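Presented below is the structure to which this report refers.
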Amino acid sequence: MKLRLHPYNLELKHTFTISRESRDFQPSLVVELTDGTYSGFGETTTNPYYKITMESLTEIITKNEAFICALTEETPANFWQKLYPLFTENMFALCALDIAYNDFYTKRNGQKLYEYWNLNIQNNPMTDYTIGIDSVDTMVAKMKELPWPIYKIKLGTKNDIEIVTELRKHTDAVFRIDANCGWTADETIKNSFILKELGVEFLEQPLPADDIEGAKKVFENSALPIVADESCIIEEDVEKCVGLFHGVNVKLSKCGGLTPGKRMLEKAKSLGLKTMVGCMTESTVGISAIAHLLPLLDYVDMDGGLLLKKDIATGITINNGVISYVNENGTGASLL
(Lines give C-alpha, C1' and ligand atoms only; values in the text may rest on other atoms or scores of the structure.)
Protein backbone atom coordinates (compact mmCIF):
# COMPACT_ATOMS: atom_id res chain seq x y z
CA MET A 1 0.00 0.00 0.00
CA LYS A 2 1.27 3.47 -0.91
CA LEU A 3 0.41 6.83 0.63
CA ARG A 4 -0.11 10.11 -1.20
CA LEU A 5 -0.87 13.52 0.31
CA HIS A 6 -3.01 16.08 -1.51
CA PRO A 7 -3.01 19.53 0.21
CA TYR A 8 -5.68 22.06 -0.80
CA ASN A 9 -6.65 25.58 0.16
CA LEU A 10 -10.43 25.44 -0.23
CA GLU A 11 -12.01 28.78 -1.14
CA LEU A 12 -15.36 29.49 0.51
CA LYS A 13 -18.37 31.03 -1.24
CA HIS A 14 -18.68 33.62 1.50
CA THR A 15 -16.54 34.81 4.40
CA PHE A 16 -17.35 32.37 7.21
CA THR A 17 -17.55 33.91 10.68
CA ILE A 18 -18.15 32.27 14.04
CA SER A 19 -17.81 33.77 17.54
CA ARG A 20 -14.00 33.46 17.58
CA GLU A 21 -12.77 33.77 13.96
CA SER A 22 -13.47 34.62 10.31
CA ARG A 23 -12.05 32.97 7.21
CA ASP A 24 -12.29 33.00 3.41
CA PHE A 25 -10.20 29.88 2.82
CA GLN A 26 -10.00 26.52 4.57
CA PRO A 27 -6.72 24.58 4.22
CA SER A 28 -7.49 20.88 3.85
CA LEU A 29 -5.42 17.71 3.49
CA VAL A 30 -6.65 14.69 1.54
CA VAL A 31 -4.84 11.43 2.25
CA GLU A 32 -4.85 8.72 -0.42
CA LEU A 33 -4.03 5.08 0.34
CA THR A 34 -3.66 2.90 -2.74
CA ASP A 35 -2.54 -0.56 -3.79
CA GLY A 36 -2.52 0.41 -7.47
CA THR A 37 -5.99 -1.01 -8.07
CA TYR A 38 -8.05 0.60 -5.31
CA SER A 39 -7.59 4.03 -3.78
CA GLY A 40 -9.11 5.17 -0.51
CA PHE A 41 -9.49 8.87 0.29
CA GLY A 42 -9.70 10.59 3.66
CA GLU A 43 -9.71 14.25 4.64
CA THR A 44 -8.98 16.54 7.54
CA THR A 45 -8.64 20.30 7.91
CA THR A 46 -6.30 22.66 9.67
CA ASN A 47 -7.74 24.34 12.76
CA PRO A 48 -6.29 27.28 14.71
CA TYR A 49 -8.45 26.59 17.80
CA TYR A 50 -6.85 23.13 18.12
CA LYS A 51 -3.44 24.34 16.84
CA ILE A 52 -3.54 22.06 13.77
CA THR A 53 -1.50 23.31 10.79
CA MET A 54 -0.79 21.83 7.37
CA GLU A 55 2.84 21.45 8.45
CA SER A 56 1.95 19.48 11.57
CA LEU A 57 -0.39 17.22 9.58
CA THR A 58 2.07 16.39 6.80
CA GLU A 59 5.00 16.04 9.20
CA ILE A 60 3.44 13.39 11.45
CA ILE A 61 1.96 11.40 8.56
CA THR A 62 5.21 11.44 6.56
CA LYS A 63 7.19 10.49 9.67
CA ASN A 64 5.08 7.34 10.07
CA GLU A 65 4.60 6.53 6.39
CA ALA A 66 6.47 3.20 6.36
CA PHE A 67 4.49 1.88 9.35
CA ILE A 68 1.18 3.05 7.85
CA CYS A 69 1.82 1.44 4.47
CA ALA A 70 2.69 -1.91 6.07
CA LEU A 71 -0.83 -2.26 7.54
CA THR A 72 -2.44 -3.36 4.27
CA GLU A 73 -4.30 -6.42 5.56
CA GLU A 74 -5.74 -5.03 8.79
CA THR A 75 -9.42 -4.43 9.45
CA PRO A 76 -10.23 -0.72 9.76
CA ALA A 77 -10.63 -1.09 13.54
CA ASN A 78 -7.21 -2.74 13.89
CA PHE A 79 -5.65 -0.20 11.52
CA TRP A 80 -6.85 2.63 13.77
CA GLN A 81 -5.79 0.85 16.97
CA LYS A 82 -2.24 0.31 15.71
CA LEU A 83 -1.87 3.92 14.57
CA TYR A 84 -3.48 5.56 17.60
CA PRO A 85 -0.37 5.47 19.89
CA LEU A 86 1.58 7.34 17.19
CA PHE A 87 -1.05 10.05 16.69
CA THR A 88 -2.29 10.93 20.19
CA GLU A 89 -1.02 14.51 19.70
CA ASN A 90 -2.66 14.94 16.28
CA MET A 91 -6.06 13.27 15.99
CA PHE A 92 -6.82 15.35 12.90
CA ALA A 93 -4.09 13.50 10.98
CA LEU A 94 -5.33 10.15 12.31
CA CYS A 95 -8.81 11.06 11.10
CA ALA A 96 -7.69 11.49 7.49
CA LEU A 97 -5.82 8.17 7.60
CA ASP A 98 -8.73 6.34 9.23
CA ILE A 99 -11.26 7.60 6.67
CA ALA A 100 -8.90 6.75 3.81
CA TYR A 101 -8.38 3.23 5.10
CA ASN A 102 -12.10 2.63 5.70
CA ASP A 103 -12.68 3.75 2.10
CA PHE A 104 -9.82 1.62 0.74
CA TYR A 105 -10.78 -1.49 2.72
CA THR A 106 -14.46 -1.46 1.76
CA LYS A 107 -13.73 -0.64 -1.89
CA ARG A 108 -11.41 -3.64 -1.99
CA ASN A 109 -14.13 -5.78 -0.37
CA GLY A 110 -16.76 -4.62 -2.88
CA GLN A 111 -18.96 -2.92 -0.26
CA LYS A 112 -20.27 0.50 0.60
CA LEU A 113 -19.08 1.50 4.07
CA TYR A 114 -22.58 1.47 5.61
CA GLU A 115 -23.03 -2.07 4.23
CA TYR A 116 -19.80 -3.16 5.93
CA TRP A 117 -21.24 -1.78 9.18
CA ASN A 118 -24.65 -3.43 8.56
CA LEU A 119 -26.48 -0.12 8.90
CA ASN A 120 -29.96 0.59 7.50
CA ILE A 121 -30.11 3.88 5.55
CA GLN A 122 -33.91 4.08 5.22
CA ASN A 123 -34.51 6.70 7.93
CA ASN A 124 -31.49 8.98 7.58
CA PRO A 125 -31.78 12.54 8.95
CA MET A 126 -31.48 15.59 6.69
CA THR A 127 -28.54 17.95 6.95
CA ASP A 128 -28.79 21.55 8.00
CA TYR A 129 -27.12 24.42 6.13
CA THR A 130 -24.95 26.84 8.10
CA ILE A 131 -25.34 30.61 8.13
CA GLY A 132 -22.23 32.25 9.59
CA ILE A 133 -22.23 35.46 11.63
CA ASP A 134 -22.61 38.55 9.44
CA SER A 135 -24.80 41.62 9.09
CA VAL A 136 -28.47 40.67 9.34
CA ASP A 137 -29.04 41.68 5.71
CA THR A 138 -26.21 39.43 4.54
CA MET A 139 -27.45 36.51 6.66
CA VAL A 140 -30.93 36.92 5.15
CA ALA A 141 -29.39 37.07 1.67
CA LYS A 142 -27.50 33.82 2.34
CA MET A 143 -30.76 32.09 3.30
CA LYS A 144 -32.48 33.38 0.18
CA GLU A 145 -29.53 32.26 -1.94
CA LEU A 146 -30.09 28.67 -0.77
CA PRO A 147 -33.59 27.96 0.60
CA TRP A 148 -33.27 25.03 3.00
CA PRO A 149 -35.48 23.10 5.46
CA ILE A 150 -33.03 23.39 8.40
CA TYR A 151 -30.57 26.20 9.08
CA LYS A 152 -27.74 26.16 11.59
CA ILE A 153 -27.26 29.77 12.71
CA LYS A 154 -23.89 30.81 14.10
CA LEU A 155 -24.25 33.28 16.97
CA GLY A 156 -22.17 34.76 19.79
CA THR A 157 -22.74 38.48 19.24
CA LYS A 158 -24.34 41.22 21.34
CA ASN A 159 -27.42 41.14 19.07
CA ASP A 160 -28.19 37.43 18.86
CA ILE A 161 -31.91 37.61 19.65
CA GLU A 162 -32.42 40.47 17.20
CA ILE A 163 -30.63 38.44 14.50
CA VAL A 164 -32.82 35.35 14.94
CA THR A 165 -35.98 37.45 15.20
CA GLU A 166 -35.21 39.05 11.84
CA LEU A 167 -34.19 35.78 10.17
CA ARG A 168 -37.44 34.18 11.29
CA LYS A 169 -39.39 36.74 9.24
CA HIS A 170 -37.93 35.29 6.05
CA THR A 171 -38.32 31.51 6.43
CA ASP A 172 -40.35 28.80 8.12
CA ALA A 173 -37.27 26.52 8.28
CA VAL A 174 -36.15 24.84 11.49
CA PHE A 175 -33.37 26.79 13.22
CA ARG A 176 -30.47 25.32 15.18
CA ILE A 177 -28.25 27.72 17.10
CA ASP A 178 -24.48 27.34 17.56
CA ALA A 179 -22.99 29.97 19.86
CA ASN A 180 -19.49 28.42 19.77
CA CYS A 181 -18.84 29.00 23.49
CA GLY A 182 -19.94 32.63 23.18
CA TRP A 183 -22.59 32.89 25.94
CA THR A 184 -22.77 32.80 29.73
CA ALA A 185 -25.04 30.39 31.62
CA ASP A 186 -27.60 33.06 32.55
CA GLU A 187 -27.57 34.42 29.01
CA THR A 188 -28.16 30.93 27.62
CA ILE A 189 -31.10 30.22 29.91
CA LYS A 190 -32.72 33.58 29.15
CA ASN A 191 -32.13 33.19 25.40
CA SER A 192 -33.47 29.62 25.36
CA PHE A 193 -37.02 30.68 26.22
CA ILE A 194 -37.07 33.40 23.56
CA LEU A 195 -35.44 31.19 20.93
CA LYS A 196 -37.86 28.34 21.57
CA GLU A 197 -40.69 30.69 20.60
CA LEU A 198 -38.74 31.56 17.45
CA GLY A 199 -38.70 27.94 16.26
CA VAL A 200 -35.22 26.92 17.41
CA GLU A 201 -34.71 23.16 17.80
CA PHE A 202 -31.63 23.10 20.06
CA LEU A 203 -28.60 25.08 21.21
CA GLU A 204 -25.10 23.84 20.44
CA GLN A 205 -22.24 24.52 22.86
CA PRO A 206 -23.38 27.89 24.22
CA LEU A 207 -20.78 27.92 27.04
CA PRO A 208 -16.99 27.54 27.10
CA ALA A 209 -16.02 23.88 27.45
CA ASP A 210 -14.46 24.39 30.90
CA ASP A 211 -17.61 25.92 32.44
CA ILE A 212 -18.91 22.73 34.07
CA GLU A 213 -21.01 24.44 36.73
CA GLY A 214 -22.56 26.68 34.11
CA ALA A 215 -23.34 23.69 31.90
CA LYS A 216 -25.11 21.96 34.78
CA LYS A 217 -27.17 25.08 35.50
CA VAL A 218 -28.12 25.41 31.83
CA PHE A 219 -28.98 21.71 31.54
CA GLU A 220 -31.38 22.01 34.48
CA ASN A 221 -33.03 25.28 33.43
CA SER A 222 -32.89 25.66 29.64
CA ALA A 223 -36.11 25.65 27.64
CA LEU A 224 -34.22 24.00 24.76
CA PRO A 225 -32.02 20.88 24.49
CA ILE A 226 -28.26 21.56 24.69
CA VAL A 227 -25.82 19.71 22.41
CA ALA A 228 -22.11 19.43 23.27
CA ASP A 229 -19.43 20.20 20.68
CA GLU A 230 -16.22 21.59 22.20
CA SER A 231 -17.12 19.67 25.38
CA CYS A 232 -17.13 16.32 23.55
CA ILE A 233 -13.88 15.81 21.68
CA ILE A 234 -12.75 12.22 22.26
CA GLU A 235 -14.33 8.95 23.37
CA GLU A 236 -13.76 9.54 27.07
CA ASP A 237 -15.81 12.76 26.89
CA VAL A 238 -19.13 11.12 25.98
CA GLU A 239 -19.90 9.80 29.45
CA LYS A 240 -18.91 13.16 30.99
CA CYS A 241 -21.71 14.82 29.01
CA VAL A 242 -24.47 12.96 30.86
CA GLY A 243 -26.27 15.42 33.15
CA LEU A 244 -24.67 18.40 31.40
CA PHE A 245 -25.98 18.04 27.84
CA HIS A 246 -28.92 16.44 26.08
CA GLY A 247 -26.85 15.37 23.09
CA VAL A 248 -23.36 15.29 21.59
CA ASN A 249 -21.97 16.54 18.29
CA VAL A 250 -19.10 14.26 17.23
CA LYS A 251 -16.50 15.78 14.90
CA LEU A 252 -14.45 13.13 13.10
CA SER A 253 -11.33 15.28 12.85
CA LYS A 254 -11.32 15.94 16.59
CA CYS A 255 -11.85 12.34 17.72
CA GLY A 256 -9.56 10.65 15.18
CA GLY A 257 -11.88 9.43 12.43
CA LEU A 258 -14.80 7.19 11.62
CA THR A 259 -13.66 4.30 13.81
CA PRO A 260 -13.75 6.14 17.17
CA GLY A 261 -16.57 8.40 15.95
CA LYS A 262 -18.86 5.41 15.43
CA ARG A 263 -18.01 4.11 18.90
CA MET A 264 -18.77 7.52 20.42
CA LEU A 265 -22.18 7.63 18.75
CA GLU A 266 -23.06 4.12 19.90
CA LYS A 267 -21.95 5.00 23.44
CA ALA A 268 -24.00 8.20 23.41
CA LYS A 269 -27.12 6.36 22.27
CA SER A 270 -26.64 3.77 25.01
CA LEU A 271 -26.54 6.61 27.56
CA GLY A 272 -29.74 8.19 26.26
CA LEU A 273 -28.02 11.15 24.57
CA LYS A 274 -29.09 12.55 21.21
CA THR A 275 -26.49 12.01 18.49
CA MET A 276 -25.09 14.37 15.90
CA VAL A 277 -22.09 14.59 13.59
CA GLY A 278 -20.75 17.92 12.39
CA CYS A 279 -18.21 18.87 9.76
CA MET A 280 -15.19 21.17 9.62
CA THR A 281 -15.83 22.71 6.17
CA GLU A 282 -14.36 19.69 4.44
CA SER A 283 -14.80 18.94 0.74
CA THR A 284 -17.00 16.11 -0.48
CA VAL A 285 -14.24 13.64 0.51
CA GLY A 286 -14.83 14.23 4.21
CA ILE A 287 -18.56 14.83 3.82
CA SER A 288 -19.05 11.50 2.00
CA ALA A 289 -17.49 9.71 4.97
CA ILE A 290 -19.97 11.33 7.36
CA ALA A 291 -22.87 10.08 5.23
CA HIS A 292 -22.22 6.47 6.24
CA LEU A 293 -22.86 7.34 9.91
CA LEU A 294 -26.29 8.81 9.19
CA PRO A 295 -28.28 5.77 10.44
CA LEU A 296 -26.77 6.37 13.89
CA LEU A 297 -27.73 10.06 14.02
CA ASP A 298 -30.58 12.22 15.22
CA TYR A 299 -29.08 15.35 13.64
CA VAL A 300 -26.32 16.06 11.13
CA ASP A 301 -24.40 19.09 9.92
CA MET A 302 -22.61 18.01 6.74
CA ASP A 303 -22.83 21.08 4.54
CA GLY A 304 -19.06 21.60 4.11
CA GLY A 305 -19.06 20.97 0.37
CA LEU A 306 -21.99 23.35 -0.10
CA LEU A 307 -20.02 26.19 1.51
CA LEU A 308 -17.16 25.91 -1.02
CA LYS A 309 -16.79 28.06 -4.11
CA LYS A 310 -15.43 25.00 -5.93
CA ASP A 311 -15.38 21.41 -4.67
CA ILE A 312 -12.37 19.16 -5.25
CA ALA A 313 -14.19 15.83 -5.23
CA THR A 314 -17.26 13.86 -6.17
CA GLY A 315 -19.24 11.62 -3.85
CA ILE A 316 -22.52 11.93 -1.99
CA THR A 317 -24.96 14.58 -3.20
CA ILE A 318 -27.26 16.81 -1.15
CA ASN A 319 -30.54 18.22 -2.40
CA ASN A 320 -32.69 20.37 -0.12
CA GLY A 321 -31.20 18.66 2.92
CA VAL A 322 -31.60 15.09 1.64
CA ILE A 323 -28.37 13.09 1.25
CA SER A 324 -28.03 10.61 -1.63
CA TYR A 325 -25.33 7.96 -1.97
CA VAL A 326 -23.51 7.17 -5.20
CA ASN A 327 -23.02 3.74 -6.79
CA GLU A 328 -19.32 3.54 -5.95
CA ASN A 329 -18.21 1.36 -3.04
CA GLY A 330 -16.35 2.59 0.03
CA THR A 331 -17.38 6.09 1.06
CA GLY A 332 -18.11 6.92 -2.58
CA ALA A 333 -15.62 9.78 -2.75
CA SER A 334 -13.15 10.44 -5.57
CA LEU A 335 -10.92 13.40 -6.31
CA LEU A 336 -11.72 15.42 -9.40
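All values reported here derive from a predicted model rather than from experimental measurement.
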Residue from Thr130, Asn180, Asp160, Asp134 passing side-chain hydrogen bond (donor to acceptor under 3.5 Å, both in side chains) with Lys154 =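 Only one option passes, and that is Asn180.
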
Between [X] and [Y], does any side-chain N to carboxylate O distance fall below 4.0 Å?
X	Y	result
Asp103	Lys107	yes
Glu266	Lys262	yes
Glu235	Lys267	no

For [X], check side-chain hydrogen bond (donor to acceptor under 3.5 Å, both in side chains) against everything at least two apart and list the hits.
X	value
Ser135	Thr138
Glu187	none
Gln111	none

Is the count of non-hydrogen atoms from other residues, nucleotides or ligands lying under 6.0 Å from [X] atom [atom1] greater than 12?
X	atom1	value
Glu11	CD	yes
Glu115	CD	yes
Glu145	CD	yes
Tyr84	OH	no
Lys196	NZ	no
Asn123	CG	no

Is it true that [Y] and [X] share a donor-acceptor pair across their side chains at a distance under 3.5 Å?
X	Y	result
Tyr116	Asn329	no
Thr281	Gln26	no
Glu282	Ser28	no
Ser288	Thr331	no

Side chain to side chain contact (heavy atoms under 4.5 Å, CB included) partners for Asp35, two or more places apart |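 Testing Asp35 for side chain to side chain contact (heavy atoms under 4.5 Å, CB included), a comparison that skips the adjacent residues, returns Thr37, Tyr38, Phe104, Arg108.
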
Tell me, please, which residues at least two apart from Thr171 pass side chain to side chain contact (heavy atoms under 4.5 Å, CB included).
->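 Partners of Thr171 under the side chain to side chain contact (heavy atoms under 4.5 Å, CB included) test: Met143, Tyr151, Arg168, Ala173, Phe175.
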
Please lay out, stage by stage, how Leu83 and Phe67 fare under the test side chain to side chain contact (heavy atoms under 4.5 Å, CB included).
-> CA-CA 8 Å; Leu83 287 186; Phe67 185 76; 3.7 Å; yes

Among residues two or more places apart or on two chains, list those pairs meeting side chain to side chain donor-acceptor pair (under 3.5 Å) that have a residue in residues 62-74.
->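 Output for this query lists Glu74-Lys82.
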
Can you sort out the partners of [X] under salt bridge (charged side-chain N to carboxylate O under 4.0 Å, His left out), two or more places apart, ordered by chain and number?
X	result
Asp237	Lys240
Asp128	Arg176
Asp298	none
Glu162	none

Side-chain cluster (under 4.5 Å, hydrophobic types only) that Ile150 belongs to, other residues =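 Answer for Ile150: Met126, Val174, Val322.
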
Residue pair Cys279 / Met302: nearest heavy atoms and the distance that separates them =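 Looking at all heavy atoms of both residues, the closest pair is SG-CA, 3.9 Å.
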
Should Glu328 and Thr314 be marked as a side chain to side chain contact (heavy atoms under 4.5 Å, CB included) after you check the CA-CA gap, both sets of side-chain angles, and the distance that decides it?
-> CA-CA 11 Å; Glu328 285 81 1; Thr314 58; over 6 Å; no

What class does the angle between the rings of Tyr8 and His6 fall in, given that below 30° is parallel, 30 to 60° is tilted and above 60° is perpendicular?
->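 It falls in the parallel class, under 30°.
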
With a 6.0 Å cut-off on ring centres, are Tyr299 and Phe202 close enough?
->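 Yes.
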
Is there a side-chain contact between Ile133 and Thr157 (heavy atoms, below 4.5 Å)?
->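 A side-chain contact exists here, since the closest heavy-atom pair is under 4.5 Å.
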
Can I get a per-line list of side-chain donor-acceptor pairs under 3.5 Å for residues 246-257, giving both atom names and the distance, sequence neighbours left out?
{"residue": "His246", "atom": "ND1", "partner": "Ile226", "partner atom": "N", "Å": "2.8"}
{"residue": "Asn249", "atom": "OD1", "partner": "Gly278", "partner atom": "N", "Å": "2.8"}
{"residue": "Asn249", "atom": "ND2", "partner": "Glu204", "partner atom": "OE2", "Å": "2.8"}
{"residue": "Lys251", "atom": "NZ", "partner": "Asp229", "partner atom": "OD2", "Å": "3.0"}
{"residue": "Ser253", "atom": "OG", "partner": "Thr44", "partner atom": "OG1", "Å": "3.0"}
{"residue": "Lys254", "atom": "NZ", "partner": "Tyr50", "partner atom": "OH", "Å": "3.2"}
{"residue": "Lys254", "atom": "NZ", "partner": "Asp229", "partner atom": "OD1", "Å": "2.8"}

